[in-house]
Student: 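Input: one structure, supplied below.
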Amino acid sequence: MERDTLSAILADLLQIKKFKDYAPNGLQVEGLPTIKKIVSGVTACQGLIDAAIDAGADTILVHHGLFWRGQSACVTGWMRKRLQALLASNINLFAYHLPLDAHVSFGNNAQLGRLLGLAVTGYFGNDELGWLGAPMPGTQFDTIEVLISTLESKLNHTVLAINSDSIKGRVTRIAWCSGGAQDWFEAAIAAGAQVFISGEVSEQQFHYARESGVAYLACGHHATERFGVQALGQHLAQEYGFLHEFIDIPNPV
Ligand SMILES: [Zn+2]
């Protein structure tokens with residue numbers, strides 16, 4: 001498929017124009033004009049770029065691209081090395097940030113809900129980025145302890161559980177937003193959640209949790225954002241016949 005065709009398909013599928021993002025969504029680095037093999041991954045780090053080159057990819061698809069608002073515009077240090085590797089190998093880099101958190105089936109939040117067996121009951125915050133749900137029949141979390149152990153085994157990551165001791169009985173009102181969504185905690189509290197699941201947490205959320213009686217489960221930024229880009233890559237492979245490989249570059253944060 002032509003690169004520009006894929007770019008248009010993804011722009012439409014992920015509705016990139018809908019989002020005010022702090023990163024450019026779409027083609028960030030131009031490579032070969034024809035696309036055959038896509039490597040997907042969470043972040044366009046050097047490890048992923050090198051692995052994609054080794055895998056013979058002509059295209060990398062990520063959630064976290066190279067360019068963010070407020071970062072230095074100079075091509076030095078790690079930026080120079082990553083760009084040099086991409087350009088020398090003629091690899092396209094496509095990145096989708098908020099559109100890939102929010103997408104109703106391929107998004108990180110949709111995939112996280114599916115992984116946990118949650119039925120979506122609503123959204124909170126902007127752009128449907130905060131999700132609300134309840135355990136589906138048959139996958140009921142009797143207690144918050146079961147929810148925590150389910151998260152740890154499905155995400156293969158330790159959960160930092162804050163104020164979970166105060167949540168007694170069945171957990172039925174769960175809010176989640178993948179990655180670095182600690183600032184969404186107050187909106188989750190306002191939306192009536194008993195527990196909020198995200199990737200990262202900051203100092204002040206500990207106090208908000210204790211003082212509002214809502215539990216905060218920090219499950220890892222990387223660990224909660226591995227599923228969207230994978231689902232999108234699989235979809236592109238099935239729908240358009242690309243070769244696709246997800247490559248995980250582990251990150252404990
Ligand atoms: Zn993220």
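Just so you know, these numbers use all the heavy atoms, side chains as well, and skip hydrogens, waters and symmetry mates. Values in this document were obtained by computation on a predicted structure and should not be read as measured data. We count ligands from 1, going down the list as the structure has it; atoms in each ligand are counted the same way.
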Student: Is the ring pair W68/Y22 parallel, tilted or perpendicular, if the boundaries are 30 and 60 degrees?
Tutor: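 It falls in the tilted class, 30° to 60°.
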Student: Counting only protein atoms, how many N/O/S atoms are less than 2.8 Å away from the Zn ion (ligand 1)?
Tutor: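 Protein heteroatoms (N, O, S) closer than 2.8 Å to the Zn ion (ligand 1) number 3.
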Student: Test of understanding: with salt bridge (charged side-chain N to carboxylate O under 4.0 Å, His left out), list the residues that count as partners of K37, not counting sequence neighbours.
Tutor: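 Partners of K37 under the salt bridge (charged side-chain N to carboxylate O under 4.0 Å, His left out) test: E245.
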Student: For F206 and Y216, I'd like to know if the aromatic rings sit close, meaning centre-to-centre distance below 6.0 Å.
Tutor: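 Here the rings of Y216 and F206 have centres that are no less than 6.0 Å from each other.
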Student: Which residues satisfy the salt bridge (charged side-chain N to carboxylate O under 4.0 Å, His left out) test with D183, sequence neighbours excluded?
Tutor: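 Salt bridge (charged side-chain N to carboxylate O under 4.0 Å, His left out) list for D183, sorted by chain: empty.
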Student: Among pairs that include at least one residue of residues 218-232, which meet side-chain hydrogen bond (donor to acceptor under 3.5 Å, both in side chains), considering only residues two or more places apart or in two chains?
Tutor: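 Those involving residues 218-232 are H63-E225, H64-H221, H64-E225, S178-E225, E200-H221, H221-E225, H222-D248.
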Student: Has N156 got more than 12 heavy atoms of other residues, nucleotides or ligands less than 6.0 Å from its CG?
Tutor: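 No, the 6.0 Å shell around CG holds no more than 12 heavy atoms from other groups.
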